[in-house]
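All remarks here apply to the structure that follows.
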Amino acid sequence: MGLFERLTGMEYLKFVGRMYGLDTATTQHRSEELLEFMQLADRPKSMIADYSHGMQKKLALAAAVIHGPRILFLDEPFEGVDALAAGALKSLLGRMTERGVTIFLTSHVLEIVERLCSHVAIINKAALSPKVLSKNFARVSPAKRAANLHSKKFFFLRRSKRHGTRSVGELSWLT
């Protein structure tokens, strides 16, 4: 994350808000609201350098939404965030999509993708909806499902391999 670690959370959000062209009053109001929502308001004088990884992640998300974007790109937004904050973030993202915001979300956790996304794109050219992905497993026999031979991860990996992703063996410089 590229945060300015020698600023406080409030200073950082004010800086970002002004960079997006928000007026001073709007920036101040939104910064206060975002810090409260992200549960970061209780440490107003703490430098970002003293924040935990999860706190920095929440501050970065606050900075990403301070200007009310129509499109938002998030890379692993739930990684390193505690369970309570993750619930609040899911709620926030849900409200944003209800208002018509397009959110591109990357995740290695298929359960998060299934729960939050309306469409899925596998980066190596395969695109499916979560319903289509789930239909593939409805047809799998219970015995194969129990043996975990046709899990969603297995399908994803098989699909990725078909589109040119090769599995990684040993690293030559580590042998």
Side-chain angles (χ1 to χ4, degrees), residues 1-3 12-13 16-17 19-22 26-27 29-31 33-40 52-142 144-168:
M1 281 177 281
L3 303 175
Y12 182 71
L13 289 179
V16 172
M19 291 298 292
Y20 277 117
L22 299 176
T26 301
T27 300
H29 175 73
R30 289 183 183 183
S31 295
E33 203 172 26
L34 284 164
L35 288 173
E36 190 67 40
F37 179 82
M38 297 293 182
Q39 301 168 345
L40 298 172
S52 69
H53 176 74
M55 292 169 73
Q56 289 183 13
K57 196 87 169 187
K58 292 189 289 187
L59 183 63
L61 182 59
V65 301
I66 195 167
H67 66 292
R70 302 297 302 150
I71 298 175
L72 186 61
F73 291 86
L74 300 175
D75 184 23
E76 298 283 356
F78 301 102
E79 179 262 325
V81 177
D82 64 80
L84 289 174
L89 295 178
K90 288 174 190 171
S91 174
L92 172 67
L93 297 177
R95 286 194 308 271
M96 290 177 75
T97 56
E98 287 170 6
R99 284 199 196 129
V101 175
T102 300
I103 300 174
F104 290 89
L105 169 82
T106 64
S107 180
H108 291 89
V109 181
L110 293 177
E111 293 80 13
I112 288 175
V113 172
E114 283 185 305
R115 199 171 315 136
L116 295 178
C117 300
S118 61
H119 291 77
V120 176
I122 298 172
I123 290 181
N124 58 7
K125 302 177 189 166
L128 335 156
S129 72
K131 287 180 185 177
V132 170
L133 183 62
S134 294
K135 280 183 186 179
N136 284 294
F137 304 103
R139 290 183 240 135
V140 175
S141 73
K144 286 185 179 179
R145 243 184 269 138
N148 202 23
L149 295 175
H150 284 80
S151 68
K152 291 178 183 176
K153 283 184 187 175
F154 178 79
F155 175 78
F156 173 81
L157 292 172
R158 192 177 73 217
R159 180 100 183 187
S160 296
K161 210 172 220 176
R162 190 180 321 149
H163 288 282
T165 303
R166 60 180 181 83
S167 62
V168 178

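Every value quoted in this text rests on a predicted model; they were computed, and no experiment measured them.
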Starting at [atom1] of [X], measure out to [atom2] of [Y] and round the result to the nearest 0.5 Å.
| X | Y | atom1 | atom2 | answer |
| --- | --- | --- | --- | --- |
| Arg99 | Thr97 | CZ | OG1 | 10.5 Å |
| Arg95 | Lys90 | CZ | NZ | 14.5 Å |
| Lys57 | Glu76 | NZ | CD | 7.0 Å |
| Met38 | Met55 | CE | CE | 12.5 Å |
| Thr102 | Met96 | OG1 | CE | 10.0 Å |
| Ile103 | Leu116 | CD1 | CG | 8.5 Å |

Greater than 12 external heavy atoms within 6.0 Å of Glu36's CD: no
Name each donor-acceptor pair under 3.5 Å that joins a side chain in residues 65-75 to protein atoms two or more places apart or in another chain, with its distance.
{"unit_1": "Asp75", "atom_1": "OD1", "unit_2": "Thr106", "atom_2": "OG1", "d": "2.5"}

Pairs touching residues 74-95 that satisfy ring-ring contact (aromatic ring centres under 6.0 Å, His included), sequence neighbours left out: none
Residues forming a side-chain contact (heavy atoms from CB on, under 4.5 Å) with Tyr12, sequence neighbours excluded: Leu3, Phe4, Leu7, Val16, Ile48, Leu59, Ala63
Residue pair Val81 / Ala86: nearest heavy atoms and the distance that separates them: CG1-N, 3.7 Å
Heavy-atom closest pair, residues Leu105 and Pro77: CD1-CG, 3.0 Å
Derivation and outcome, side-chain contact (heavy atoms from CB on, under 4.5 Å), residues Val109 and Arg115: CA-CA 10 Å; Val109 181; Arg115 199 171 315 136; over 6 Å; no
Any side-chain heavy-atom pair of Leu13 and Arg30 under 4.5 Å: no
